[in-house]
*Asks:* 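Following this message is one structure expressed as structure tokens.
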Amino acid sequence: PAADAEPAEAAAAATPARPAPLSVAGPVAKSTVERLLLNDATRAGKRIVAIGEHGYVITSDDEAATWQRAAGLRRTMLTKLSFADDKTGWVVGHDGLIAMTRDGGATWKEQRFAPADEEPLLGVHARDAEHAIAVGAYGLYLETADGGATWTERVLALEGQEDDRHLNAITAFGGGRLAIVGESGLVKVSIDNGLTWTAVTAPYEGSYFGALPIATDGLMIFGLRGQAFVSRDAGATWSAAEGSGPVTLLGGGVGADGAVTLVGSAGSVRISRDGGRTFAPLAPAKIAAFSTALPLDATHALLFGEAGTSVLDLAGAAK
């Protein structure tokens, strides 16, 4: 009888939730790439690997002429990636997601997913195939020493103090040093591969969104309102970069010739050919928010951001 039928709500609750589908490998149309929000990109050997919204990891083996989607990622916003070598790398994202690749970004295996924590991961550094560090919102700091089989949380604040500022980026520089930058002027430096960290006095009290290694031992940090600074002594002293502009800077890249490209919101693109001391503006083909720049050759770079990818001509920059 109908009165004895199990309520629809109870039946639904009794049915196990189906896991979200993972990404499947395959070619990605140029029109799709140009519509994606892409948050980061790097090289795994000669391969270009880019990441962004909806769990997209796309790879190119022909200098961005064509793209393939990687397999194994759920539809979560991906924020940063880092490779230890041509094959081994990690990607992080929202919902505390961490995934690893051992084939140059073609396929990925999830190692962590913690949506209930509401702590997105915003930066990652891969030291080698076993060691990596991931950082994120509210001071979240995770590290692995076993290839990601386990991730251990650490607190970087001084004993007895709380520091829940967002950790926005982590980078290696200057002969084994590491730097973390974040909100409200946060800059921390490690000289022992992350075993210990020291807070350094920042030249600007606003937020920093990125850091880049400069020359052999220098460090550049950048962020809100176009603020950009260079240190040659692991953060003891800083010099302001001239011409970095008033627009928020979000990412950048360093070419084989040492040229530094910084990008940001409102189509901001600037280049330095003197080790980050001075920057000259460039006009990109698209006006969009750019997340990073990846050098292609001496006169071209590939921009990534809210309008996918586009090629930037560097030839017009002051030398």
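Here the structure is a predicted model, which means the values were calculated and not measured.
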*Asks:* Given the rule that I, L, V, M, F, W and Y join up when any side-chain heavy atoms are under 4.5 Å apart, are L294 and V28 in one cluster?
*Replies:*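 Yes, L294 connects to V28 through the hydrophobic network.
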*Asks:* Please report the interatomic distance OG1(T171) to CG(L219), rounded to the nearest 0.5 Å.
*Replies:*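 Going from the OG1 atom of T171 to the CG atom of L219 covers 7.5 Å.
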*Asks:* Between CG of N168 and OH of Y208, what distance do you get to the nearest 0.5 Å?
*Replies:*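 Separation between the atoms: 12.0 Å.
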*Asks:* Is any side-chain heavy atom of L186 less than 4.5 Å from a side-chain heavy atom of V181?
*Replies:*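 Sidechains of V181 and L186: no contact.
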*Asks:* Would you indicate whether the side-chain heavy atoms of L250 and T248 approach each other to under 4.5 Å?
*Replies:*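 Yes; the side chains approach each other to less than 4.5 Å.
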*Asks:* Determine, step by step, whether W197 and L178 satisfy the side-chain contact (heavy atoms from CB on, under 4.5 Å) criterion, reporting the C-alpha distance in whole Å, the side-chain angles of both residues, the deciding distance to 0.1 Å, and the verdict.
*Replies:* CA-CA 9 Å; W197 290 89; L178 298 175; 3.6 Å; yes
*Asks:* Group every Ile, Leu, Val, Met, Phe, Trp and Tyr by side-chain heavy-atom contacts under 4.5 Å, then state whether L81 and L97 land in the same group.
*Replies:*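 Yes, L81 and L97 fall within the same hydrophobic cluster.
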*Asks:* One thing to verify: whether R47 and D86 come together as a salt bridge, which I'm taking to mean a side-chain N less than 4.0 angstrom from a carboxylate O.
*Replies:*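 A salt bridge is absent here (no side-chain N lies under 4.0 Å from a carboxylate O).
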*Asks:* Which atom names give the shortest non-hydrogen contact between W67 and I48, and what distance separates them?
*Replies:*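 The answer is CH2-CG2, 3.7 Å.
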*Asks:* Between the side chain of E306 and the main-chain N/O of A288, is any donor-acceptor distance below 3.5 Å?
*Replies:*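 A pair under 3.5 Å: no.
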*Asks:* Answer yes or no: is there a donor N or O on one side and an acceptor on the other, between the side chain of Q111 and the main chain of G147, under 3.5 Å?
*Replies:*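 Here the side-chain-to-backbone pair exists.
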*Asks:* For H166 and Y138, indicate whether the former's side chain and the latter's backbone hold a donor-acceptor pair under 3.5 Å.
*Replies:*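 Side chain of H166 to backbone of Y138: a pair is present.
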*Asks:* Is there a chain of hydrophobic side chains (I, L, V, M, F, W, Y, each step under 4.5 Å between heavy atoms) that links V263 to V33?
*Replies:*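 No, it is not one cluster - the side chains of V263 and V33 are not joined through contacts under 4.5 Å.
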*Asks:* Nearest 0.5 Å please: distance from the CG atom of D217 over to the CZ atom of R232.
*Replies:*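 Spacing of CG (D217) from CZ (R232) equals 7.0 Å.
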*Asks:* Would you say the side-chain atoms of T79 pair up with the backbone N or O of L121, donor to acceptor, closer than 3.5 Å?
*Replies:*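 Between the backbone of L121 and the side chain of T79 there is a qualifying donor-acceptor contact (under 3.5 Å).
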*Asks:* So, for A126 and A132, which heavy atoms are closest and what is the spacing to 0.1 Å?
*Replies:*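 Heavy atoms of A126 and A132 come nearest at CA-CB, 4.1 Å.
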*Asks:* Using 0.5 Å steps for rounding, measure from the CE atom of M100 to the CD atom of E110.
*Replies:*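 Here the rounded value is 14.5 Å.
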*Asks:* Please check: side-chain N/O of K286 versus main-chain N/O of A307, any donor-acceptor pairing under 3.5 Å?
*Replies:*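 At least one qualifying donor-acceptor pair exists.
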*Asks:* Hey, does the side chain of D257 reach the backbone of A259 with a donor-acceptor pair shorter than 3.5 angstrom?
*Replies:*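 Yes, D257 side chain to A259 backbone: donor-acceptor pair under 3.5 Å.
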*Asks:* Start with the C-alpha gap between T198 and K188, add the side-chain angles, then the distance that decides, and say whether side-chain contact (heavy atoms from CB on, under 4.5 Å) holds.
*Replies:* CA-CA 5 Å; T198 301; K188 294 179 183 288; over 6 Å; no
*Asks:* Where is the tightest heavy-atom contact between P213 and F173, given as atom of each residue plus distance?
*Replies:*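 That closest heavy-atom pairing would be CB-CB, 3.9 Å.
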*Asks:* Quick one: OG1 on T278 to CZ on R270, what's the gap to the nearest 0.5 Å?
*Replies:*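 These two atoms lie 11.5 Å from each other.
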*Asks:* Determine the minimum heavy-atom distance between A241 and G276, stating which atoms define it.
*Replies:*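 Smallest interatomic distance, heavy atoms only, reads CB-O, 3.3 Å.
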*Asks:* With respect to W108, which candidate in T101, L22, D103 satisfies the side-chain contact (heavy atoms from CB on, under 4.5 Å) definition?
*Replies:*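 Running side-chain contact (heavy atoms from CB on, under 4.5 Å) over T101, L22, D103 with W108 returns exactly one hit, T101.
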*Asks:* Do other residues, nucleotides or ligands put more than 12 heavy atoms under 6.0 Å from the CD1 atom of I191?
*Replies:*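 No, the 6.0 Å shell around CD1 holds no more than 12 heavy atoms from other groups.
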*Asks:* Please determine whether residues F229 and I214 belong to a single hydrophobic cluster, defined as Ile, Leu, Val, Met, Phe, Trp and Tyr linked transitively by side-chain heavy-atom distances below 4.5 Å.
*Replies:*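 Different clusters.
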*Asks:* Donor-acceptor pair, R177 side chain versus A234 backbone, under 3.5 Å?
*Replies:*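 No.
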*Asks:* What's the shortest heavy-atom distance between R69 and H54, and which atoms?
*Replies:*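 Nearest heavy atoms, R69 then H54: NH2-O, 3.1 Å.
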*Asks:* Count the heavy atoms of every other residue, nucleotide or ligand shown that sit under 6.0 Å from CD of E242, and state whether that count exceeds 12.
*Replies:*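 Check fails, neighbour count at 12 or below.
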*Asks:* Both conditions, 6.0 Å and 45 degrees, for the charged tip of R43 above the ring of F83: are they met here?
*Replies:*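 Judged by the rule (NZ or CZ under 6.0 Å from the ring centre, within 45° of its axis), R43 is not positioned above F83.
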*Asks:* Counting distance only, does the side-chain N/O of S60 pair as donor-acceptor with the main-chain N or O of T66 below 3.5 Å?
*Replies:*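 At least one qualifying donor-acceptor pair exists.
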*Asks:* Taking the side chain as everything from C-beta on, heavy atoms only, tell me whether S272 gets closer than 4.5 Å to F279.
*Replies:*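 Yes, close enough: below the 4.5 Å cut-off.
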*Asks:* Check each of I51, T292, D40 against F304 using the side-chain contact (heavy atoms from CB on, under 4.5 Å) test, and report the only one that passes.
*Replies:*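 Only one of I51, T292, D40 forms a side-chain contact (heavy atoms from CB on, under 4.5 Å) with F304, namely T292.
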*Asks:* Using a cut-off of 6.0 Å, state whether more than 12 heavy atoms not belonging to R225 lie near its atom CZ.
*Replies:*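 For R225, atom CZ is not crowded (no more than 12 foreign heavy atoms under 6.0 Å).
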*Asks:* With a 4.5 Å cut-off on side-chain heavy atoms, are V91 and V124 touching?
*Replies:*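 SC-SC contact between V124 and V91 ruled out.
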*Asks:* In this structure, are over 12 heavy atoms from other groups packed under 6.0 Å from E63 atom CD?
*Replies:*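 Yes, enclosed.
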*Asks:* Find out whether F222 and S244 are in side-chain contact, i.e. whether some heavy atom of one side chain is under 4.5 Å from a heavy atom of the other.
*Replies:*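 Not in contact.
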*Asks:* Hydrophobic clustering (ILVMFWY, side-chain heavy atoms < 4.5 Å, transitive) - are V269 and L302 grouped together?
*Replies:*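 Not linked; separate clusters.
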*Asks:* Using the rule given for side-chain contact (heavy atoms from CB on, under 4.5 Å), can you reason through M220 versus L262, listing the C-alpha separation, both sets of side-chain angles and the distance that settles it, and then say yes or no?
*Replies:* CA-CA 10 Å; M220 167 163 278; L262 293 180; 3.9 Å; yes
*Asks:* Taking all non-hydrogen atoms of both residues, which atom of G55 and which atom of L73 are closest, and how far apart?
*Replies:*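 Closest approach of G55 to L73, heavy atoms only: O-CB, 3.5 Å.
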*Asks:* Let's go through I98 and V92 carefully: what are the C-alpha distance in whole Å and the side-chain angles of both, what is the deciding distance for side-chain contact (heavy atoms from CB on, under 4.5 Å) to 0.1 Å, and is it a yes or a no?
*Replies:* CA-CA 5 Å; I98 303 176; V92 300; 4.1 Å; yes
*Asks:* So, R112 side chain and G96 main chain: donor-acceptor pair closer than 3.5 Å or not?
*Replies:*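 At least one qualifying donor-acceptor pair exists.
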*Asks:* Within the 4.5 Å heavy-atom criterion, are L78 and Y56 side-chain neighbours or not?
*Replies:*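 No. Closest side-chain heavy atoms not under 4.5 Å.
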*Asks:* If you draw a 6.0 Å radius around CD in E130, do more than 12 non-hydrogen atoms from other residues or ligands fall strictly inside?
*Replies:*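 Yes, enclosed.
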*Asks:* Return the CG to OG1 distance between L312 and T261, rounded to the nearest 0.5 Å.
*Replies:*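 Spacing of CG (L312) from OG1 (T261) equals 7.0 Å.
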*Asks:* Is D85 salt-bridged to K87, going by a charged N under 4.0 Å from an acidic O?
*Replies:*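 A salt bridge is absent here (no side-chain N lies under 4.0 Å from a carboxylate O).
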*Asks:* Are any side-chain N or O atoms of S23 and backbone N or O atoms of A70, one a donor and one an acceptor, separated by less than 3.5 Å?
*Replies:*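 Yes, S23 side chain to A70 backbone: donor-acceptor pair under 3.5 Å.
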*Asks:* Please tell me if the side chains of L38 and I58 come closer than 4.5 Å, counting only heavy atoms from C-beta onward.
*Replies:*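 A side-chain contact exists here, since the closest heavy-atom pair is under 4.5 Å.
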*Asks:* Are any non-hydrogen side-chain atoms of I221 and S231 less than 4.5 angstrom apart?
*Replies:*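 Counting from C-beta outward, I221 and S231 never come under 4.5 Å.
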